[in-house]
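Proteins come first, then strands; the chains are lettered A, B, ... in the order of their sequence lines, and each starts at number 1.
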Amino acid sequence: MAFPLPRPQPPQLPHHLLRTVDCKQGAIRAVRFNADGNYILSCGGDKTLRLWSASRGTLLKTYSGHGYEVLDADGAFDNSHICSCSSDKTVILWDVASGLVSRKLRGHAGKVNCVRFNEEATVIVSGSIDGSVRCWDTRSRRPEPIQVLDEARDGVSSVKVSEYELLSGSVDGRVRRYDLRMGQLYTGHKNTSYKLDCCLSHKDTHVLSCSEDGYVYFWDLVEGSVSLKLPVGKATVQSLSFHPSEPRLLTAMEGSVKVWGAEPEDTVEDQGQQ
Amino acid sequence: MADSDTEDFVTYGTPLDPIEEDEPLKKPVPLHDQTVKDEKGRFKRFHGAFTGGFSAGYFNTVGSKEGWAPSTFVSSRQQKAGKVNSRPEDFMDDEDFSEHGIAPREITTTEDFTSGRQDTIRDKARALNSLVAPIPGDTVLEDLIAPARTSVGVEMLKKMGWKEGQGIGPRAKRKPRKQNVAEAGTRIYSCALPPNGSEESEEEEDEYTPENVTFAPKDVMPIDFTPKDDPHGLGYRGLDPHQALTGLPGMGHIDLFTLDSDRTSNLLGTGGPKHRRKGGISGEAFGVGALEDADADIYDRDALSNYDSVLGGEEPGDGLFGWTAPAQYNKKTKGSSRDASYLGKILEGFTLASQASEIKTIFPPPELPRNYRPVHYFRPVVDLASTSPMVAQVLMESKGHMPQQTQEKGRHQLDASQRRDLLGESSLTGPASVFDLLDNKDKERLEGIRRLAGVGASGAMTEERRAAVVAAGVAAAAAKASQSALSSLPQTPGSEEVLSAWRSPTADTSRSFRPFEKNPPKQARYDQYISKLKQGHKDALESSLDGSMTEWERGRERDEFVRAAMLYKPSSSSLSSRFTRAKHEDNEDMVEVAQEQEGDVNDKQSAVKMKMFGKLTRDTFEWHPDKLLCKRFNIPDPYPGSGLVGLPKVKKDKYSVFNFLTLTDSRPESGGPMGAQSQPDSSPLAGPPKRAEPGKKSRWDMSERAGQPKDALSEFLSEARSEASTSQQPASSQPAPAPSLTPEPPALSQLPPETQQLQEEEEESRPPMDLFKAIFASSSDEKSSSSSEDNSEEEDDEDGHRQMELQPPGPLNTGMDPSALPVPSSAAPEAKPPPEQPKLPAAPSKEQRQEEEEFGPKLPPPTSSWPQLPASSSVPQGDAHKKKCKEKHKSKKEAKKKHKKKHKKHKGKKEKKKEKKKKPIPEESDSTSDGSADSDSDADDLPGSISTEQLLTRLKSLRGKKYE
């Protein structure tokens, strides 16, 4: 589009509850949008991973095969695969359509806290409580990881993969950035006391974080002030995920997932469906 | 987004509850558990009062739980027992009243509302029955009398214009028959239908089709499955009274395919006029009736037209009867099936295709070139040998052979080296084949055997050949043995062998082992020697030695060089070119530690508290991503060529208890079973070049030193003594070395440690050549060679010899070549010269060094002077040497003890240190002198026999001493 962008508008924050999905899979450990934001992945405490339609909240598929709680999941860029990690120390690569396990990656010594695909879904990066980040190859049938990043002194609570960087957040209070291009490891220092899920909004304007008091806090990225305090419920907000391109938010609390939007949907249709 | 999404999909109904994943999979119910229960939860059983079905009464009994109580007749004046009229229902179970029971009490469709067709079927069936019935015609009468009753459906249909006998569906024009035939004709690929006269009339009938008339579709006639419940034969028809009596149109011949339906169609009157018998009675069972005259028809001529001549080509008739349609329907063709009457024609389960199937386009074959001849022409082969080259060339060119010849050979014709050349790979350095690894002698021998074998083959006598081969082998072995015996005579045994080995083209000096690395000048001399060897100098050895050295030194070095050259001769290097060195050494002393350590956490914490994020709180490391990871991320490897992955590591010394354990281990070792045998050979000579390393001063070193002078002194003394004794004894009569010569066991046990150490060393450093020799060379050869090696290396002491030499016991040595002992080495131990001592100062932490320093004969301290040295070194002793050696040892041990005592007094601190070390060790060896106590404790400390408790106690004591 050759048109100049319209004037920057005040960022829209998702504060309308569009829908509540009762996942019926125990406590929701994590909830994630897929790559394009049309689907929702919910990781349940009942060892299942479920795929939902983001727009209608219908259950599309259930993936079962983990031996314990599913802790995190991520969808491949082409929606052909899902990877998930679990307390059973495994990382599983799922085939989306068939719902079958295409790889079960064992190697971590403890719970696997977080898992991410890389951009082309050729590598799964998983961080575990054993303090290691493992890079698994999805292309080969090799059972061992490509590389183990065991620099963390404590459990790895979150990983993130960009085009050429691996970010790992560890309980030892550090964020480690592995730069593949430069071949360097940066270690930053953070002093956070407790970690719940947090994420950036779609335009990187706000930092969102879960809270134990049942709110989701929207922090302005630059100013660092709370710009919105979204009441989700009474219990702890376990996990949240922001839509990759739209002001849409997923929150997981207890057994249900809530979808939030900036604008109220025309709910007539919605209610009719539910 | 949501809006658009919701528009895309339509959701019907409510979704099913998702299957609970938690619940276990249902097991299939086994057969014996599959029970049928009725609505009351009772088991259904296959018996019952009325239905013949399920259980009657109460759980297989009658009546109730109490059983079936017979009604009691009670009659009183007030209540007269009335007459009870029991109905069948009174005896029925509830089940009998249900839908499937005998007396269902549910709303059912009355006859009025059932479909009319059902009725007609029933009628017809009844009519048929009437025909078959024993009294024919009685039901017919019934039918006549029965009130005309039509169902609602039929009435409705009739009001809509339907007439009985017609099919239901839109009326349609019927196409002229002929077209259909023509059309059908194109489709028939097998034999055409035979013209059938009997069918023609029908065809003509059909052909008359006025244009403005529409026809109703033909009535659909369900196949009437009349059960065959009579004992008559298949296809039997009873007498038809009508036919029998009146001779009215009856049945045609039997149509195999249309048995009953034929009859029904007859009944319906839809059957066309047919060729029919004239007679009235036409049961097959009756043959030709009296009223029939057509004898010819007895033998039923079945018309071909009764059969389908085309497989599936035609739809038989109206499709009313499937493929068992009556014959007259067979004539119907596709066209008619296509039009309005289609409704009834489609087989159940099939539908008409809405579009005709596509006709496959067939392309014409490509045109051949005009001058193409379909004959293969073989080019004549040009025999290059027979023709002159010019002619051949011309011939080949003319026939197009040239390019083929010049073309490269096929991929499969190339051998490995050619392919390698094509690929531009460097050639392998190793020998090309296993035979290259063999000695020249072996090769010759092989060659000889082969030649002999060839001769034998020409003689065609296998026996002879075998004998000859054996003889040749024996002869070769014998020759070899003698040769080796001879060659071992000269001063430097195997020097020629070494020369030949090093001159071989496969020799690779650059990679050869550097045995004297710790002594640079010596190594330099050795290198010089090797290089001269390579050039083929005969006097390589002499010229490379240092002229300024003493005779003894030179003799000793000569010996060492030759032996080293033998051991590390290039044949092993040629082999080693096939192998690569291990990339990582297993060094247990080292611990991998990250090169860079993260900064102090506390600093960072404080920085964070001061809100000084940035450099203060960040670290940067060099980090090597895996190659594959880079590939997967589509990123060039930032460190191409580095095999490293992750953070670079640094090796650091591991401060471990085991460093000490190995030390105590290595020192005190007593001889094993073979120690006694080899002791005379090895102990006096053990490792002078490695020994004296004054630069190395570990705290363990001191004790070592303390022992040294004693050794040397004792050796000296013993030598002197033995010389005196052996001079009187004949060399030939050599007693068994160990038992006779060792009067005191402690003394004996003192020496073997060195030999054992040697053994260990050998195992580590043994070149792979031996192995290959053992494999490729014959046993006889091996024996001789090993024995010769034994001779040459018997006195060998230091760095790696072959294990073999230790194993062959005394007899071999003594028997084979007692005289083959090289002289200079014999005097070596005693003549340990002071100049040897300035050696490389070694890092004290290395365990290996420590070990090395432990064995070998103890050297005199650098300060001590030995006036007798030159004399002893120059003494050539020949045969007697061996024995002398042994004796020497014996005496040496004795002498040693004395000396040790003596030295103890002299030695101050050093000695004390040693004593400290040893003190904690059991003092039970009080019976002997201090020195023997040492040796005793040493003997106890065999690595095998050492217990962990001992080690620990020793270690503790060591610690204690250290901190004193």
Side-chain angles (χ1 to χ4, degrees), chain A residues 18-19 24-25 37-38 46-48 50 53-56 58-59 62 64 118-120 122-123 135 137-140 142 145-151 153 161 163-164 166 172-174 178-191 243 245-246 248 259 261 265-266 269-270 272-273, chain B residues 1-12 14-22 594 596 598-601 603-609 611-640 642 644-648:
Chain A
L18 299 182
R19 175 176 310 107
K24 291 179 189 155
Q25 50 179 155
N38 290 335
D46 67 342
K47 310 169 192 173
T48 60
R50 287 185 182 184
S53 155
S55 53
R56 285 179 299 128
T58 48
L59 175 63
T62 303
S64 49
N118 74 334
E119 207 175 20
E120 295 177 341
T122 51
V123 175
C135 308
D137 193 358
T138 64
R139 290 293 164 88
S140 71
R142 204 167 67 148
I146 302 175
Q147 190 171 9
V148 181
L149 319 173
D150 50 0
E151 279 75 40
R153 300 283 178 74
V161 183
E163 207 176 329
Y164 56 89
L166 304 178
D172 64 3
R174 272 157 229 249
Y178 299 89
D179 192 330
L180 270 88
R181 281 197 312 197
M182 306 296 290
Q184 275 177 330
L185 164 65
Y186 307 93
T187 307
H189 193 267
K190 217 168 55 164
N191 200 10
H243 194 282
S245 56
E246 286 174 68
R248 197 163 288 245
V259 187
E265 268 181 359
D266 36 349
E269 183 195 15
D270 216 39
Q273 278 173 358
Chain B
M1 156 208 105
D3 296 321
S4 61
D5 268 9
T6 45
E7 276 161 18
D8 287 347
F9 304 108
V10 182
T11 317
Y12 292 107
T14 52
L16 280 176
D17 266 354
I19 301 161
E20 284 305 314
E21 305 292 341
D22 273 355
E596 298 155 288
E598 277 182 14
D600 190 13
V601 179
D603 291 349
K604 289 177 186 167
Q605 297 249 355
S606 53
V608 168
K609 270 173 199 149
K611 302 242 168 198
M612 287 171 67
F613 292 96
K615 287 228 164 179
L616 273 180
T617 58
R618 279 166 208 166
D619 293 318
T620 306
F621 303 104
E622 183 181 326
W623 175 70
H624 294 246
D626 195 280
K627 221 182 250 176
L628 184 59
L629 196 64
C630 290
K631 205 196 257 175
R632 291 279 183 260
F633 274 80
N634 281 334
I635 283 161
D637 196 344
Y639 302 102
S642 85
L644 200 66
V645 169
L647 294 178

- line: Thr122(A) and Arg632(B) have their tightest heavy-atom pair at OG1-O, 3.1 Å
query: Can you find a pair of side-chain heavy atoms, one from Tyr178(A) and one from Leu629(B), that are under 4.5 Å apart?
result: no
query: Picking from Leu59(A), Leu149(A), Val259(A), which has the most non-hydrogen pairs under 4.5 angstrom with chain B?
result: Leu149(A)
query: Quick one: CZ on Phe633(B) to CG on Leu166(A), what's the gap to the nearest 0.5 Å?
result: 5.0 Å
message: Less than 4.5 Å to any heavy atom of chain B: does that hold for the side chain of Glu120(A), its backbone, both, or neither?
response: side chain
- request: Select one option (side chain, backbone, both, neither) describing which atoms of Val148(A) are under 4.5 Å from chain B's heavy atoms.
  value: neither
message: Let me confirm one number: the OG-CG distance from Ser140(A) to Leu628(B), rounded to the nearest 0.5 Å.
response: 6.5 Å
